[in-house]
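First the structure, in the form of structure tokens, and then the observations on it.
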Amino acid sequence: MLCKIGDIEIWRLLEINGPFLDPLKLFPNAGPDVSARIEKLVPGAIDAETGAMILPVQGFLLKTPDHVVLVDGCVGNDKTAALPAWNKRQDGRFMAALTAAGVTPAQVDFVLCTHLHTDHVGWNTQLQDGRWVPTFPNAKYLMPSADEAVFRAAASDTFTESVLPVIEAGQAELVQAGHTLGDYITLMPTPGHTPGHVSIGIKHGATQAIITGDALHTTAQCWHPEWHFSFDMDADLAETSRRQLLETASETHARIIGSHFKLPSIGHIGATGDGFFWTDD
């Protein structure tokens with residue numbers, strides 16, 4: 001178990017933890033010394049052999065008093081992906097983590113998609129007898145409506161393999177930012193990375209946490225929210241959302257769980273006179 005927020009258990013479902021891409025390709029406006037700057041702020045975040053940034057791909061399982069909730073379904077198996085390391089994967093790590101959390105796919109009540117990118121929806125579906133079917137047969141999948149419209153129009157492999165089969169099975173619910181799930185979970189608006197991107201607010205009693213999704217990709221962006229991520233669909237809007245999330249996190253003292261932050265991916269965001277900073281738990 002990663003942590004508890006009141007009576008809510010949060011479990012990490014780690015699928016991948018390895019080199020991704022060159023930091024300058026990921027943060028093109030950060031300057032040519034971005035690798036050294038990231039390594040100084042986040043020691044161990046740059047792979048010494050390849051120079052690529054190490055990027056965990058992980059989802060999170062929430063056990064609330066009322067529901068079992070999966071936040072983001074990672075890359076998945078058998079999926080078509082442009083990144084060779086993600087294409088047609090065959091790996092049991094994600095499902096093993098679900099089992100280790102004491103949950104079967106049939107016991108998941110809700111799947112929350114922070115957005116509809118490849119590495120966040122892969123386990124939405126699985127291949128059975130040549131067909132894509134929902135992996136979690138009893139779950140309602142909550143998807144940002146603004147994302148669904150954009151990704152449906154693009155008709156990408158990700159949409160066809162990991163989103164459309166859920167919709168056709170009648171298990172999808174298209175929602176707006178601000179949507180609440182029970183008494184404990186809120187979909188927080190953080191658009192920019194995608195049009196409907198949300199972060200996940202979790203609260204029980206006096207304690208709370210935020211799962212960032214892709215509002216931030218590294219804790220270095222706490223110090224440098226102006227660093228644009230190359231896969232943000234609207235970089236300026238993403239920066240605005242990032243700054244608002246940093247402000248909210250510092251003011252509420254919420255525990256922050258970064259979907260792509262260097263492991264252990266959990267800590268707090270503090271504010272200084274001229275910005276923000278990160279501290280690991």
Side-chain angles (χ1 to χ4, degrees), residues 2-3 10 12-60 71-72 74-75 81-86 89 91 93-94 97 114-115 117-120 190 192-193 197 199-200 209-232 235 238-239 241-243 245-246 249-250 254-272 274-281:
L2 180 61
C3 69
I10 302 179
R12 180 202 314 280
L13 305 181
L14 182 66
E15 183 178 48
I16 302 169
N17 185 39
F20 183 52
L21 293 173
D22 183 278
L24 190 56
K25 291 182 179 179
L26 295 175
F27 304 103
N29 73 329
D33 62 344
V34 61
S35 292
R37 296 170 77 185
I38 289 176
E39 185 62 25
K40 182 178 180 180
L41 293 170
V42 194
I46 305 300
D47 181 61
E49 182 176 343
T50 64
M53 184 172 165
I54 295 172
L55 198 79
V57 177
Q58 56 192 330
F60 301 95
V71 177
D72 285 343
C74 298
V75 175
L83 192 71
W86 292 356
R89 282 173 53 82
D91 187 273
R93 190 173 189 176
F94 181 90
T114 60
H115 62 297
H117 275 163
T118 301
D119 55 323
H120 292 260
T190 46
H193 183 65
H197 186 281
S199 300
I200 307 300
I210 299 172
I211 298 175
T212 63
D214 283 8
L216 299 98
H217 285 81
T218 169
T219 55
Q221 285 179 293
C222 298
W223 287 274
H224 294 286
E226 75 279 6
W227 287 2
H228 292 169
F229 189 69
S230 59
F231 296 102
D232 288 340
E239 180 182 341
S241 292
R242 187 158 47 250
R243 291 183 184 276
L245 184 62
L246 290 168
S250 65
R255 298 181 87 173
I256 303 303
I257 302 169
S259 298
H260 293 300
F261 288 2
K262 176 179 173 287
L263 299 180
S265 317
I266 184 169
H268 287 84
I269 291 167
T272 63
D274 57 355
F276 303 93
F277 62 92
W278 171 265
T279 55
D280 287 321
D281 270 8

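The structure displayed is predicted, hence computed values, not measured ones.
- Looking at L2, L13, L14 one by one, the single match for side-chain contact (heavy atoms from CB on, under 4.5 Å) with F60 turns out to be L2.
- Side chain of D72 to main chain of T114: a donor-acceptor pair is present (N/O by atom type, distance under 3.5 Å, no hydrogens or angles).
- Between the side chain of T272 and the backbone N or O of G275, at least one donor-acceptor pair lies under 3.5 Å.
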Legend entry - Check against side-chain hydrogen bond (donor to acceptor under 3.5 Å, both in side chains), H268 and T279: CA-CA 5 Å; H268 287 84; T279 55; 5.0 Å; no
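- Identified under the salt bridge (Lys or Arg N to Asp or Glu O under 4.0 Å) test for residues 255-268, with sequence neighbours left out: R255-D281.
- Between S259 and H120, the closest heavy-atom pair is CB-CE1, 4.4 Å.
- Taken to the nearest 0.5 Å, the OG1 atom of T118 stands 9.5 Å off from the CG atom of L83.
- Between C222 and F277, the closest heavy-atom pair is CB-C, 4.1 Å.
- Closest approach of L263 to R12, counting heavy atoms only: CD2-NH1, 3.3 Å.
- Within the 4.5 Å cutoff, side-chain heavy atoms of L216 are placed close to those of L246.
- Here the CG-CD1 distance, from D91 to I16, works out to 7.5 Å after rounding to the nearest 0.5 Å.
- Within the model, atoms OG of S250 and CD1 of I256 stand 9.0 Å from one another, a figure rounded to the nearest 0.5 Å.
- Of the possible donor and acceptor atoms, one in the side chain of H197 sits under 3.5 Å from a partner among the backbone N and O of T190.
- With rounding to the nearest 0.5 Å, the separation of CG in N17 from OG in S265 is 7.5 Å.
- F261 and Q58 make their closest contact through O-NE2, 4.1 Å (heavy atoms, listed as atom of the first residue, atom of the second, distance).
- Counting heavy atoms from C-beta outward, D119 and F231 have side chains that stay 4.5 Å or more apart.
- A ring-ring contact (aromatic ring centres under 6.0 Å, His included) with H217 is found for one member of H117, H193, H224 and no other, namely H193.
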Using a 3.5 Å cut-off and no angle test, enumerate the donor-acceptor pairs between side-chain atoms of residues 40-47 and protein atoms at least two apart in sequence or in another chain.
unit_1 : atom_1 : unit_2 : atom_2 : d
D47    : OD2    : T50    : N      : 2.9
D47    : OD2    : T50    : OG1    : 2.7

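- Between the side chain of R242 and the backbone N or O of P225 there is at least one donor-acceptor pair closer than 3.5 Å.
- Smallest separation of non-hydrogen atoms from G258 and T212: CA-OG1, 3.4 Å.
- To the nearest 0.5 Å, atom CZ of residue R243 and atom CZ of residue F276 are 8.0 Å apart.
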Only distances under 3.5 Å count here; give the side-chain donor-acceptor pairs of residues 19-34 to other protein atoms, sequence neighbours excluded, each with its distance to 0.1 Å.
unit_1 : atom_1 : unit_2 : atom_2 : d
D22    : OD1    : L24    : N      : 2.8
N29    : OD1    : H228   : N      : 2.9
N29    : ND2    : E226   : O      : 2.9

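- Using a 4.5 Å heavy-atom threshold, the side chains of F229 and H260 count as separate.
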